[in-house]
Amino acid sequence: MNRQTKIAAMLIACILIVCTGFVIMQFHRTTGNVVVVEQNGEELYRFSLGDTIEKRIETELGYNTLIIRDGQAFVQSADCAGQDCVHFAPIRQTGQSIVCLPHRITITVRGGNDAEQ
Amino acid sequence: MRSNKLTKLALLLALALIFSYIESLILFPLGIPGMKLGLANLMTVLVLYAYDAKTAFGLNAMRIVIAGFLFGNLFGITYSFAGAIVSFLMMVFCKKVCKLPIVVTSIAGGVFHNVGQVLFACMLLESFVMFYYLPALMISGMITGFLIGLLGKILFRRGLL
Ligand SMILES: [Zn+2]
């Protein structure tokens, strides 16, 4: 095995190890029960995933309409560039997020059972 | 610049723009939008191996700006640049320092494009939530990187560049 092959094998092995680690972590995830909305790392809202909610999240950067229904959350509409947050698949598992980069907003499912507000 | 090189670069840029257009139509199969498959990276890898890093970077920057204005928006341009720069540095490192073959360089480019975008998203959002999607993105980057590298290798072997 020459030097190039070694480097290439190491590179691919590293990627695979990282991925397997994450995949194993995924097995420990379960359906969450709290939806946390954050902007720039600061919590704005916290909802229960079991409720039926339609919330217009207004910030100085724009709005995102969050819908929670049937135990899953998604963004119905937003006035951001690209509309990526609207196209995210609905989330329900702990750790899953919907992000709106132009609005700096993250909507994450967490496992904690202290749903308030 | 010789007209031969100029013609080839122009053709590659046009091809890369078509790839960018196709990508803008495809939603990521996992429901993670904004993350591209990295098809346009074929052009960057080819130019990097056929010419040099400077040419490859210039052409890639042109591709991102033109594609951004045609099929995306200003925000998409900055997001694309974040992935492209990390991916590009990694590919130059693979080619120049490690002297790796085109297929491996392309895999590294594909994976680190997505890594760069996730890191950029983390910085912007001041949150690590996007790391949840990193493994899926790394695997998809690896697959497209491999296919693109293979295609590049075939093009080189046939003497098309
Ligand atoms: Zn958005």
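As the structure is a computational prediction, the values presented were derived from the model and not from experiment. Residue numbers begin at 1 in each chain, while the letters A, B, ... track the order of the sequences.
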> Is it the side chain or the backbone of B:M123 that comes within 4.5 Å of chain A heavy atoms, both, or neither?
Replying inline: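 For B:M123, no heavy atom lies under 4.5 Å from chain A.
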> At a heavy-atom separation under 4.5 Å, does B:I107 approach chain A through its side chain, its backbone, both, or neither?
Replying inline: side chain
Membership question, hydrophobic clusters at under 4.5 Å side-chain separation (ILVMFWY): are [Y] and [X] in the same one?
X      : Y      : result
B:V103 : B:L151 : yes
B:L11  : B:I64  : no
A:L44  : A:Y63  : no

> Of all of B:P101, B:C94, B:C98, which one pairs up most often with chain A through heavy atoms under 4.5 Å apart?
Replying inline: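 Option with the top pair count is B:C98.
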Would you find more than 12 non-hydrogen atoms of other residues, nucleotides or ligands less than 6.0 Å from [X] atom [atom1]?
X      : atom1 : value
B:K153 : NZ    : no
B:F156 : CZ    : yes
B:F146 : CZ    : no

> Can you check whether A:V99 reaches B:V129 side chain to side chain, under 4.5 Å on heavy atoms?
Replying inline: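 A side-chain contact under 4.5 Å exists here.
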> Is there side-chain contact between B:M142 and A:L16, with heavy atoms separated by less than 4.5 Å?
Replying inline: yes
>> I need the A:Q96 CD to B:Y133 OH distance, nearest 0.5 Å.
In response: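 Here the rounded value is 5.0 Å.
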> For A:I107, is it the side chain, the backbone, both, or neither that has a heavy atom closer than 4.5 Å to a heavy atom of chain B?
Replying inline: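 Interface part for A:I107: neither.
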>> Is A:T108 in contact with chain B via its backbone, its side chain, both, or neither, using a 4.5 Å heavy-atom distance?
In response: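 For A:T108, side-chain heavy atoms alone lie under 4.5 Å from chain B.
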Cut-off 3.5 Å, no hydrogens considered: what does the side-chain donor-acceptor table look like for residues 70-77 of chain B, sequence neighbours left out?
residue, atom, partner, partner atom, Å
B:N73, OD1, B:F75, N, 3.1
B:N73, OD1, B:G76, N, 2.7

>> Could you report the tightest heavy-atom contact between A:R104 and B:L124, atom names first, then the distance?
In response: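 Closest approach of A:R104 to B:L124, heavy atoms only: CD-O, 3.3 Å.
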>> Which heavy atom of B:L125 sits nearest to which heavy atom of A:C100, and what is that distance?
In response: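 Heavy atoms only, the tightest pair is CD2-O, 4.1 Å.
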